[in-house]
Amino acid sequence: MTLWCGSARGRERLRSESDSTVYDEEYKIVVVGAKDVGKTAICQVYVGGREEENHCDRLVIQKNAKVRRAEFCTWDTVDGQTCCMRLSELRMPLKVSTQNGNDDPIVKSLTQRADGFLLLYSVTDTDSFWATSGYYDVIMELRNRMDTPLVFIANKTDCAKQQVVTSSKGRDAAFDIGASFYETSVRSDPEGVKYVFHDVIRQVRSVRSHVRSQEQSCTRVRGLIHRLSLKSKRKRSKSRSRQKLTSSEQPVDKN
Ligand SMILES: Nc1nc2c(ncn2[C@@H]2O[C@H](COP(=O)(O)OP(=O)(O)OP(=O)(O)O)[C@@H](O)[C@H]2O)c(=O)[nH]1
């Protein structure tokens with residue numbers, strides 16, 4: 001069930017360098033799709049570019065009949081910021097239920113804690129295309145939030161002769177779920193692969209900056225409320241001490 005590929009040196013580095021001084025931000029990206037659509041391949045191509053530069057590590061953690069999960073870690077620079085990318089590949093069942101394994105704690109926690117998703121299908125496999133809507137439903141059901149960064153990818157465009165899913169179908173489906181859409185070939189277009197990962201990172205950044213600005217305005221409002229309550233407290237205590245003073249200054253009626 002558990003497989004390992006990757007050097008012990010890499011593992012050590014992963015542990016020792018997992019601190020925020022090495023990178024600006026961490027991104028947990030989950031790659032979802034049906035069997036054979038190219039989930040492993042897309043991660044490998046993206047991570048592979050970094051391999052020679054000693055900046056990657058690769059793990060396959062869990063592989064069983066219900067869930068297939070692989071993990072990759074790499075560093076990248078997007079728009080001048082260094083990021084630590086934690087990629088997980090997931091072949092999850094199509095419905096949330098105890099029978100089909102979507103109650104699996106790993107699927108649940110990976111889906112809920114992910115920063116963004118790549119939703120993959122193969123243009124040569126209609127079933128893999130239809131499966132994406134099921135995966136999308138599972139993601140939404142498990143996360144229950146609409147601001148999920150999502151990139152919809154039509155893979156294997158190099159197999160033009162076997163193509164059965166048209167571009168317009170893919171584009172429409174991406175539009176319906178509010179995702180950005182790319183047609184690519186992991187085999188022949190490594191630059192395109194890089195681009196889709198950069199797109200999801202930018203989406204995550206935009207969600208994070210929105211959350212940060214909301215938090216800042218909440219903090220400002222909280223600060224304002226705090227200052228106002230302090231002011232009114234001071235006012236109350238001043239008027240109380242004034243009352244005390246006036247009552248002590250009043251002449252005592254001896255009769
Ligand atoms: N022609 C072509 N083949 C591809 C492309 N991407 C992946 N493949 C091939 O498709 C097969 C499946 O790729 P994987 O990356 O293992 O697919 P997967 O989605 O991880 O599959 P599972 O782990 O079984 O779910 C492999 O033989 C790949 O070499 C592509 O862009 N073009």
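Each ligand, and each atom within it, is numbered from 1 in the order the structure gives.
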Test item: side-chain donor near acceptor, Tyr27 and Glu25, under 3.5 Å: yes

Looking only at side-chain N and O atoms, does Tyr136 offer a donor or acceptor that is under 3.5 Å from a partner on Asp176? no

Which part of Cys159 is near ligand 1, with near meaning a heavy atom under 4.0 Å away: side chain, backbone, both or neither? side chain

To the nearest 0.5 angstrom, please state how far the CG atom of Leu118 sits from the CG atom of Leu150. 8.5 Å

Taking heavy atoms and a distance under 4.0 Å, where does Thr184 meet ligand 1: side chain, backbone, both or neither? neither

Donor-acceptor side-chain pairing of Glu183 and Thr157 below 3.5 angstrom: no

Applying a 4.0 Å heavy-atom criterion (strictly less than), which segment of Asp36 is in contact with ligand 1: side chain, backbone, both, or neither? both

For Lys39, take its heavy atoms, then give the atoms of ligand 1 lying under 4.0 Å from any of them. 15 (O), 17 (O), 18 (P), 19 (O), 20 (O), 21 (O), 22 (P), 25 (O)

Of the choices Gln162, Arg187, Gln44, which has the non-hydrogen atom that lies closest to atom 9 (C) of ligand 1? Arg187

Nearest non-hydrogen atom to atom 14 (P) of ligand 1 belongs to which of Ser185, Ala34, Gly38, Cys43? Gly38

Of all the atoms in ligand 1, which lie at a distance below 4.0 Å from a heavy atom belonging to Asp158? 1 (N), 2 (C), 30 (C), 31 (O), 32 (N)

Distance under 4.0 Å to a non-hydrogen atom of Lys35: what atoms of ligand 1 satisfy this? 24 (O), 25 (O)

Under a 4.0 Å heavy-atom limit, does Glu89 contact ligand 1 with its side chain, its backbone, both, or neither? side chain

Side chains of Asp79 and His198, donor plus acceptor under 3.5 Å: no

With under 30° as parallel and over 60° as perpendicular, where do the rings of Tyr121 and Phe181 fit, or are they tilted in between? parallel

Atoms of ligand 1 less than 4.0 Å from Ala41 heavy atoms? 7 (C), 15 (O)

Ignoring hydrogens and angles, state whether a donor on the side chain of Asp199 or Tyr182 is under 3.5 Å from an acceptor on the partner side chain. yes

